[in-house]
Amino acid sequence: MAAIVLDKLNKHYGSLHHAVKDVDLTIADKEFVALVGPSGCGKSTTLRMIAGLEDISSGEIRIGDRVVNHLPPRDRDIAMVFQNYALYQHMSVYDNLAFGLRNKKMPESEIKAAIDRATEMLGLHELLKRKPRQLSGGQQQRVALGRCIVRNPLVFLFDEPLSNLDAKLRAQMRIEIKRLHAQLPTTSVFVTHDQVEAMTLGDRVVVMKDGRVQQAGTPLSVYGHPVNKFVAGFIGAPAMNFLEVTIAKEGDTVVAQSPAVKLAVSEASSRALEAYKGRRVIMGLRPEHLALGDGVVSRSFAATVEVVEQLGSEILLETRVGDARVTAARVPPETAVAAGDQVRLSVQPGRLHFFDPETENVITA
Ligand code: ADP
């Protein structure tokens, strides 16, 4: 059993740079957590502190029932996969896999059994005699995974392991890592700047910005209920559209309006927006929630098409709505639409997100 608990974790680099700020996070035993955020947000530093590769400025890290703050990496019972694979170039794949176990003086028969098991899981059979330079990037990363598996650690730590691979291979390795975690459920922390990777791999996604955790939740909850504008814009591709609107009341209906848009809001949003009547707020619309077509007037607005991106499976429309640029996705690929066209985009009221313009936090009832 190995939960990981981060308790008020802080990292200062010198006196000027506060890279990780009061991070509180509990990663359950066997849970797969993806730490995601833009470059420089402190995710690798957080991972490296869990690994023991970086000192902690303040706070506590527990793995299982031990406080590990002052334990060297080798005593933390963790295995780490890096972006650059970190394989020994002069050794065969087999010897790379065996290296850590031989250091621990494990008998050769047990080493072989552990390697057989990892080989089976990762399909490494044909590679065992090769040297790393005779392997593709994807194969090298698979060996690096194998080296972690054979050690049978309490915790797997992944530091952007797929970012050196091309897009297709990245997608394949993602599936392999997911399959591996299903076969061998081990507490895992996976650092990535790629929100698709985080969403597809994580039981839970932890979004960081400027050293702080912004939101931790299941992929569906961070997508469906982002707590602030940053998370809303970071999770989801293409990114959420943001428009400045004023909240007003027309009869019994609460509307969000700008010179170019007037949309009735849902009952739940109406309650949440009670305190914002007559004020400006930021409205968020996901591209995939915008449909081309009239819909009902209170659910649609006029847009001018600027760019048409035909993807085969769907069309992405880049449009202008007043002063704002608005992207619409999931337009059927056979739709006849061209740059310069005037169209209407419609959206269900329940799909609208609203953020406070000052705090940028989501507006909730
Ligand atoms: P991420 O992994 O999210 O890209 P990092 O955790 O690597 O971000 O870095 C967080 C912040 O700390 C960045 O602003 C980075 O420049 C800074 N930083 C990282 N390592 C060091 C270091 N050894 N010395 C000084 N600053 C560092």
Side-chain angles (χ1 to χ4, degrees), residues 4-10 18-28 31-43 45-47 59 189-245 247 254 256 263 265-276 279-290 327 347-365:
I4 303 172
V5 179
L6 310 183
D7 192 358
K8 291 264 170 301
L9 197 59
N10 280 277
H18 195 176
V20 174
K21 299 170 186 163
D22 284 336
V23 168
D24 282 323
L25 187 65
T26 298
I27 299 156
E31 189 180 25
F32 197 114
V33 161
L35 278 186
V36 66
S39 178
C41 72
K43 53 195 186 299
T45 302
T46 303
L47 191 80
V189 187
F190 188 103
V191 159
T192 176
H193 63 273
D194 178 346
Q195 59 94 22
V196 173
E197 225 163 81
M199 292 287 280
T200 50
L201 278 168
D203 297 321
R204 224 156 28 112
V205 174
V206 176
V207 185
M208 290 185 71
K209 179 193 169 214
D210 296 338
R212 282 189 203 283
V213 171
Q214 304 291 304
Q215 186 168 5
T218 61
L220 204 55
S221 71
V222 291
Y223 173 85
H225 304 283
V227 296
N228 60 31
K229 185 177 172 224
F230 173 79
V231 175
F234 191 79
I235 298 290
M240 187 184 277
N241 300 294
F242 295 109
L243 287 89
E244 236 190 51
V245 292
I247 300 304
V254 177
L263 292 170
V265 311
S266 69
E267 233 173 81
S269 289
S270 299
R271 279 196 300 279
L273 290 164
E274 198 65 36
Y276 287 83
R279 290 171 58 191
R280 281 175 180 282
V281 300
I282 299 162
M283 179 169 71
L285 297 168
R286 291 212 182 270
E288 56 274 32
H289 294 154
L290 290 170
T327 304
V347 57
Q348 296 292 326
R351 297 295 200 181
L352 304 175
H353 299 258
F354 293 98
F355 304 95
D356 182 293
E358 268 100 57
T359 63
E360 300 198 344
N361 289 334
V362 72
I363 298 172
T364 52

*Going through the distances and angles, do Thr46 and Leu35 end up as a side-chain contact (heavy atoms from CB on, under 4.5 Å)?*
CA-CA 9 Å; Thr46 303; Leu35 278 186; 4.0 Å; yes
*asked:* Apply side-chain contact (heavy atoms from CB on, under 4.5 Å) to residues Val189 and Leu47 and explain how you reach the verdict.
replied: CA-CA 8 Å; Val189 187; Leu47 191 80; 3.6 Å; yes
*Could you please spell out the steps behind the side-chain contact (heavy atoms from CB on, under 4.5 Å) verdict for Val347 and Leu263?*
CA-CA 9 Å; Val347 57; Leu263 292 170; 3.9 Å; yes
*Between Thr218 and Asp203, is a side-chain contact (heavy atoms from CB on, under 4.5 Å) present by the stated rule, with each step listed?*
CA-CA 6 Å; Thr218 61; Asp203 297 321; over 6 Å; no
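Evaluation of the side chain to side chain donor-acceptor pair (under 3.5 Å) test over residues 352-362, restricted to residues two or more places apart or in two chains, returns Tyr276-Asp356.
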Please list every donor-acceptor pair under 3.5 Å in which a side-chain atom of residues 232-242 meets a protein atom from a residue at least two apart or in another chain.
| unit_1 | atom_1 | unit_2 | atom_2 | d |
| --- | --- | --- | --- | --- |
| Asn241 | OD1 | Thr327 | N | 2.8 |
| Asn241 | ND2 | Leu285 | O | 3.1 |
| Asn241 | ND2 | Thr327 | O | 2.9 |

N/O donor to acceptor pairs below 3.5 angstrom from side-chain atoms of residues 224-231, sequence neighbours left out:
| unit_1 | atom_1 | unit_2 | atom_2 | d |
| --- | --- | --- | --- | --- |
| Asn228 | OD1 | Phe230 | N | 3.2 |
| Asn228 | OD1 | Val231 | N | 2.9 |
| Asn228 | ND2 | Gln214 | OE1 | 3.0 |

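Atom-to-atom distance recorded for Ser266:OG and Gln348:CD is 11.0 Å, nearest 0.5 angstrom. If you take CG on Leu6 and CD1 on Ile27, they are separated by 5.5 Å, rounding to the nearest 0.5 Å.
Lys21 places no side-chain N or O within donor-acceptor distance of the main-chain N or O of Gly211, the cut-off being under 3.5 Å. In this structure, the side chain of Arg286 engages the main chain of Tyr223 through a donor-acceptor pair within 3.5 Å.
By the 6.0 Å contact criterion, CZ on Arg279 is enclosed, its count of non-hydrogen atoms from other residues, nucleotides or ligands being greater than 12.
Aromatic ring orientation, Phe32 versus Phe190: tilted (interplanar angle from 30° to 60°).
Contact detail for Ala256 and Met283: the closest heavy-atom pair is CB-SD, 4.0 Å. Here the shortest heavy-atom pairing between Val205 and Ala198 reads CG2-O, 3.6 Å. Of all heavy-atom pairs between Ser269 and Leu352, the closest is OG-O, 4.3 Å. Met199 and Val222 get closest at one heavy-atom pair: SD-CG2, 4.0 Å. Closest of all the heavy-atom pairs between Lys8 and Asp24 is N-OD1, 2.6 Å. The two residues Arg204 and Ala216 come nearest to each other via the heavy atoms NH1-CB, 4.1 Å.
No side-chain heavy atom of Pro349 sits less than 4.5 Å from a side-chain heavy atom of Val265. Put simply, the side chain of Val207 does not reach to within 4.5 Å of the side chain of Val213, judged on heavy atoms. Put simply, the side chain of Val36 does not reach to within 4.5 Å of the side chain of Val206, judged on heavy atoms. In this structure, the side chains of Arg212 and Asp22 come closer than 4.5 Å at one or more pairs of heavy atoms.
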